[in-house]
Amino acid sequence: MEHLDALENQSIYILREAYKKFKKLAMLWSIGKDSTVLLWLARKAFFGHCPIPLVHIDTSYKIPAMIAFRDQLAREWSLRLIVGQNTAALADGMGPERGRLTCCTALKTEGLQLLMAERGFTGLILGIRRDEEGTRAKERYFSPRDKHFEWNYKDQPPELWDQFKTDFDADTHIRIHPLLHWTEIDVWEYIRREAIPIIDLYFAKDGERYRSLGCWPCTGRVKSNAATVEEIIAELRATNTSERAGRAQDHEDTYAMQKLRAKGYM
Amino acid sequence: MATDIATPRASSNIVIVGHVDHGKSTLVGRLFYDTDSLPEGRYAAVARVCEETGKPFEFAFLLDALEEERDQGITIDTARARFHTARRDYVLIDAPGHKEFLKNMVSGAAAADAALLLIDAAEGVQEQSRRHGYLLHLLGIRQVVVVINKMDLVGYRQRAFADVRRAYLDFLAALGVHPQAVVPVSAREGDNIAAASARMPWYDGPTVVEALDAFAARPSREHLPLRFPVQDVYKFDHRRIIAGRVEAGAIAEGDTILFTPSGHRGVVKSIERWHPSRTGPARAGESIGITLTEQLFIERGEVISHLADAPRAGAELRANLFWLGDRHLAPGRPYVLKLATQEVPCAAAGVSGVINTATLEHVAAHEVAKNEVATVTLALKTPVAYDCFTDIVETGRFVLVDGYDVAGGGIVLPPVEDDYTI
């Protein structure tokens, strides 16, 4: 079987398991390339429909074009979109100047926590990949979080033969990662093959482009002339720089990602 | 390493297993470094961590990303990373060697197409070397290369290599495992990893990279009898779609099909896909849907086959099983068996032989403790569709859930009292 087909079939299998097993299920859509590919895969899994509501955590620091793209696609594809925001923290003046990790935890992790509690979701689908960074490389497809949202990475359940953790305590929820086995290049090659609409912030203008999208104060552009999907694939084949090099919060200290993710960060 | 942009290269999953401290993470780091597969900044980042913590440069840190792993110098959880040779792309799975983390090792190894079994030349064959060899065999991984590491610590002597080699090959042969190669290496120094070592002129076999490239590609399952377990039934629009993944064989429009264990029969009206990359019959590995010419009441779990070559059905399974749960597997205790998309309450009716994986001796016991393997008979509440593991892998293996977690895995043996033991 061709490589992209193998990736796609596995992701569809996982999405269908999640849909079957979780009555209160949502999918996180960050508007970036990965979660947009995930959304496309959901439409494949469910034969043109997306029966799972999408959640976007709006930190208020998102690049404005992301919000416009989100609303446009939601209309065109008839998506059920739920926008969450930690309004209390924002009213209190939370922002990156209070410390990037503090800000990420308050506006993203706690923003998500508030919305999950309010809606009672027990399953949450996310588009993270193993090749993004070290702690994600140690994730499971179905990964439990306790009532404090914490990830016990030192004692993860076994996962084998596509039999996933779908039984859990009332106080926990499960993170589901259907793109875990994809790489950055796989994602772009799939976008090209399927002609999936992707926000144009990824394409170079004036010698720069975004390689990874986040909040504008903490996300930098990389030098690039790649203005099409083809050119991005060619660029990635030639580069040795890591994908999240432009994400400032990762570089706050050596174990920044581990600390953020243990507390429930995506 | 530029490749034709129009054709993404297929990748092969390789797991590296071995006793704690025998150098798995170092080998992984070295493979990345020597094949120029490291992302830029990764080497520098690891160098910085080592400097901050006052340690010499550690290749192991490339994959051991957790703070605890680096502090204690042991891999806790499995990690994956990609590396490439001129022949193909690999996903390398680094699995923990510490007994306490066997469930993580199994999680990593279960996804592998082939395995590298790593042994320390100075320490020789240890308990986990044997246990891992046994588990790889139970997991159905038949392509194995043994890597004897730390040859630098034994002066690159052929005699030291030959002794460890013979001891381990004898153990594996008792399981029926015959490695494709046994390679003497020093992962730390880079001997026989990507390039042949000048320090071991007495060795004329493959390097680790050559041994990897000699592994066969994943065998196709298309020629096997059809097995299409029902994952779910959807009614999002006018179509009533039976969704699932074809685990073996192929299914086409117009096929007459049998549902096991219910015994229903039907005819495939259409193969359903959305925005498909291919049309026509659906083959093994494809997640698709079908509609039927006449509506039947079908539920998740049933296994679709053709009328000939149907799976077996029964409420009793004989199996070889490995146990990862903290609570012993004990007769009478309730578990849930998950086999393909079926889930059935069950209990162990009998434990006929607990095997000490370090000595291969049978132990007289009625319970199976954590990290042990056994031959068991399971009594199921309702019949399931299944195959013998040696016939069709995907419907011949299962997990047992104890409470909320997967606590064990098993492979189905022939139901009659054949002489098949592992």
Side-chain angles (χ1 to χ4, degrees), chain A residues 1-6 8-13 16-17 19-20 40 43-49 51 130-131 133-135 137-138 140 144 153-154 156-161 163-165 167-169 181 183 185-186 189 193-194 230 233-234 237-243 245 254-255 257-258, chain B residues 2-3 5 8-11 38-42 45 48-49 52 63 65-68 76-82 91 103-104 106-107 110-111 139 231-232 234 236-237 239 241 243-245 272-275 277-278 283 285-287 289 300 324 336 338 397-399 401 403-406 409:
Chain A
M1 178 175 289
E2 204 253 318
H3 181 57
L4 291 177
D5 287 328
E8 177 192 72
N9 282 306
Q10 176 71 1
S11 299
I12 290 174
Y13 188 81
R16 288 175 176 169
E17 284 300 281
Y19 181 64
K20 180 70 191 176
W40 183 264
R43 298 172 84 212
K44 283 228 175 187
F46 307 112
F47 303 97
H49 304 268
R130 284 203 175 103
D131 78 325
E133 47 86 32
T135 69
K138 294 182 182 285
R140 302 284 194 264
Y153 52 79
K154 281 186 271 187
Q156 299 199 69
E159 186 168 84
L160 64 153
W161 301 335
Q163 297 293 357
F164 306 115
K165 182 174 170 65
D167 307 284
F168 53 95
D169 210 333
H181 54 297
T183 66
I185 287 191
D186 293 334
E189 280 174 341
R193 187 183 90 171
E194 302 283 313
E230 293 284 336
I233 294 169
R237 287 207 173 277
T239 188
N240 259 332
T241 316
S242 78
E243 181 179 5
T254 302
Y255 297 108
M257 251 316 151
Q258 177 176 344
Chain B
T3 43
I5 196 163
R9 297 176 0 135
S11 63
L38 276 180
E40 190 183 295
R42 200 69 168 274
R48 193 186 62 182
V49 176
E52 278 172 12
L63 274 137
L66 300 173
E67 196 168 358
E68 293 81 356
I76 293 172
D77 209 324
T78 174
R80 291 164 205 223
R82 300 199 161 229
V91 176
K103 65 190 170 104
N104 296 341
V106 166
S107 301
L139 290 168
Q231 195 174 6
D232 209 344
Y234 300 137
F236 296 124
D237 45 40
R239 299 166 295 179
I241 298 176
R245 181 169 63 190
E272 297 288 335
R273 301 173 172 103
W274 184 78
H275 216 278
S277 60
R278 68 200 284 184
R283 295 171 224 173
E286 281 190 72
S287 287
R300 173 183 165 97
L324 305 167
V336 172
K338 288 184 167 186
R397 62 191 181 190
F398 61 87
V399 298
V401 178
Y404 296 125
D405 279 321
V406 168

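Note on naming: letters A, B, ... go to the chains in the order of the sequence lines (proteins, then strands), and numbering restarts at 1 for each one.
Using a 4.5 Å cut-off between heavy atoms, A:F164 touches chain B through its backbone atoms (N, CA, C, O) alone. Both the backbone and the side chain of A:R43 have a heavy atom closer than 4.5 Å to some heavy atom of chain B. Neither the backbone nor the side chain of B:V336 comes within less than 4.5 Å of any heavy atom of chain A. Neither the backbone nor the side chain of A:A6 comes within less than 4.5 Å of any heavy atom in chain B. For A:K20, the parts lying near chain B are the backbone and the side chain together; criterion is any non-hydrogen pair under 4.5 Å. Residue contact with chain A, scored on non-hydrogen atoms closer than 4.5 Å, involves the side chain of B:R239 exclusively. The contact between B:Y234 and chain A is made entirely by side chain atoms (from C-beta outward), counting heavy-atom distances below 4.5 Å. Proximity to chain A (any heavy atom under 4.5 Å) is shown, for B:A111, by neither the backbone nor the side chain.
Atom NZ of B:K103 and atom CD of A:E159 lie 11.5 Å apart (nearest 0.5 Å). Taking OG of B:S287 as the start and CD of A:E8 as the end, the distance is 8.5 Å to the nearest 0.5 Å. Here the CZ atom belonging to B:R273 is positioned 10.5 Å from the CD1 atom belonging to A:I12, to the nearest 0.5 angstrom. In this structure, the separation between CD on A:E189 and CD on A:E230 is 9.5 Å, given to the nearest 0.5 Å.
Taking a cutoff of 4.0 Å between a charged side-chain nitrogen and a carboxylate oxygen, B:R245 and A:E17 do not qualify as a salt bridge. B:R278 has no carboxylate O lying under 4.0 Å from a charged side-chain N of A:E2, or vice versa, which leaves the two without a salt bridge.
Among A:W40, A:W161, A:F47, the residue making the largest number of heavy-atom pairs under 4.5 Å with chain B is A:W161.
In this structure, a donor-acceptor pair under 3.5 Å is present between the side chains of A:H3 and A:D186.
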